[in-house]
Amino acid sequence: MLTKVPKGMKDVLPAESALWRAMESAMRQAALLAGYREIRTPVLEHTELFARAAGETSDVVRKEMYTFLDKGERSVTLKPESTAGTVRAFLESGLYAQALPLKLYYLNAPHFRYEAPQSGRLREHHQFGMECFGAAQPTAEAELIVLVVNLLAGFGLPNLAVRVNSIGCPKCRPAYQEKFRTYLAGKADSLCKNCVERAQVNPMRALDCKEERCQAQLADAPMMLDCLCEECQEHFEQLKRLLTLSGIRFTVDPRIVRGLDYYTKTVFEVTMETPNGVLTVCGGGRYDGLVEELGGPSIPAVGFGFGMERALMLLEQLPQEERRLQAQNEFPQVFTAFLHKGLLTDAFAVTENFRKAGLRADMDHQGRSLKAQFKYADKLGAPFMAILGDEEVEKGVVKLRDMTTKEEWEVALPEAPQALQKRLG
RNA sequence: GUGGGUAUAGUUCAGCGGUAGAGCGCCAGAUUGUGGCUCUGGAUGUCGUGGGUUCGAACCCCACUACUCACCCCA
């Protein structure tokens, strides 16, 4: 147990963290260009916040939350999604009183869901997400969808599928839900246990059911998309026009429902083909009622969550030459080797000198033989060696060796960093 | 919650009733001031835990635990 990471958690080791950083900077840049600024909210929120925001009937709230009592007997929860916390901060700080829209993004935010882990699904995962408050127009959705698609395409990821749907608003949805509930009631005998339950609490969820018999029963079910009020209809038409105009290939999927109850009008998903099936990389939508639901003024909003591990997983499956996201090199540019222990301090000084000049430099810390130092440097991938023996120290020089060409030459100690920089270009 | 699979060296795995193995990695030597390739040598194991069958169990049986994959749901 002691040396075992808790179930569903993952370490990001050095071999991978560089790629994470590359992805992060691409995200920051994209967000910046679209006028979004970073917000960081706590991992922990009052349980009540999620219950209220995501909805008591959602699977997330009902069975997937990391909830516990703190020492003050308050029920707190590790955030399973970030929209609720962002809205809370937005309200608490009074940011809503400033010029709207307010555009926020978060990056690398840890999220927790207590589920059975498997490929592409962890108990702790990290999301990049964007939220736009105070934008009622479909340009807000379009902006986000375009941004995500361009981002993923920019990584070199092919075969993205963008699916959009509208699930109506408080004006048109209740009538539809009633219609749908009636429809389900007539089929209750042929539906799975879950769907019978769904019919009561949130009938639209049945559309998401993967059971074949349910899908067969729902083949001619009424769709929200066909029952939208005039306003929702117009909103959706505009969004489609905007996406088409932006050159985004998308499909309308009337069956997208999303697992969180706060969505209104637009919902969307970006999915990708993987060896293990289709994975959702990004999911989001409009939540015009949530800010008010959480005690604020009536402010429309749109947002999405983007699973960073999932995107990284897909990227790692991509052949190296198709990847357009490249991790920064981390190997030392020069490795200082020294002949014997008596030259330890000289070697240390030389190494530090390289570092002062902004070069990635390293040396042995194990008392290895010269030969072993070369071997080690080779493993690290250092393209140059700086070699110190008694002769060199006496003459005040260091011998530089190009590991590829095996060429060696001597340079005066103080000039070594410059000489190397020249060679490295 | 339901159903598969797996558990042996640092790591990937082979062995499937009779002395615990290989590749990779690690260390050293061949080459006492020079890496990659090659060759030689070396170190490292409660064979997941507990019980049972047997003269004898890493191997067969049972239970447990952990991991993993899939379903549901999701990022």
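Here is how names work: the chains are called A, B, and so on, in the same order as the sequence lines, proteins then strands, and each is numbered from 1.
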- request: Hunt down any stem RNA chain B takes part in, defined as 3 or more consecutive Watson-Crick or G-U pairs whose two distances are each under 3.5 Å.
  value: B:1-7 with B:65-71, B:10-13 with B:21-24, B:26-30 with B:38-42, B:48-52 with B:60-64

message: Between A:Gln421 and A:Ala357 (side chain of the first, backbone of the second, donor and acceptor by atom type, cut-off under 3.5 Å), is there such a pair?
response: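 Flag set: sc A:Gln421 to bb A:Ala357 pair under 3.5 Å.
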
For the [atom1] atoms, the ones on [N] and on [M], what distance do you get once it is rounded to whole angstrom?
{"N": "B:U53", "M": "B:G10", "atom1": "P", "answer": "33 Å"}
{"N": "B:C62", "M": "B:U54", "atom1": "C1'", "answer": "16 Å"}
{"N": "B:U19", "M": "B:G52", "atom1": "C1'", "answer": "25 Å"}

NA contact type, [X], heavy-atom cut-off 4.0 Å: base, sugar-phosphate, or nothing?
{"X": "A:Arg368", "answer": "sugar-phosphate"}
{"X": "A:Glu309", "answer": "nothing"}
{"X": "A:Leu279", "answer": "nothing"}

task: Indicate whether OP1 or OP2 belonging to B:A75 is found under 4.0 Å from a side-chain N or O atom of A:Gln127.
output: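 So the side chain of A:Gln127 is outside the cut-off, no N or O lying under 4.0 Å from OP1 or OP2 of B:A75.
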
message: Would A:Arg163 pass as a cation-pi partner of A:Phe268, given that its NZ or CZ must be under 6.0 Å from the six-membered ring centre and within 45 degrees of the axis?
response: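 Verdict for A:Phe268: no cation-pi partner in A:Arg163.
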
query: Has the side chain of A:Arg258 got a donor or acceptor atom sitting under 3.5 Å from an opposite partner on the base of B:C74?
result: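 Side chain to base: no pair below 3.5 Å.
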
query: Is there aromatic stacking of A:His111 against B:A75, centre distance under 5.5 Å, plane angle under 30°?
result: no

query: Can you give one letter per nucleotide of nucleotides 29-37 of chain B, 5' to 3': B if a protein heavy atom sits under 4.0 Å from the base, S if only from the sugar-phosphate, - if neither?
result: --B-BBBB-

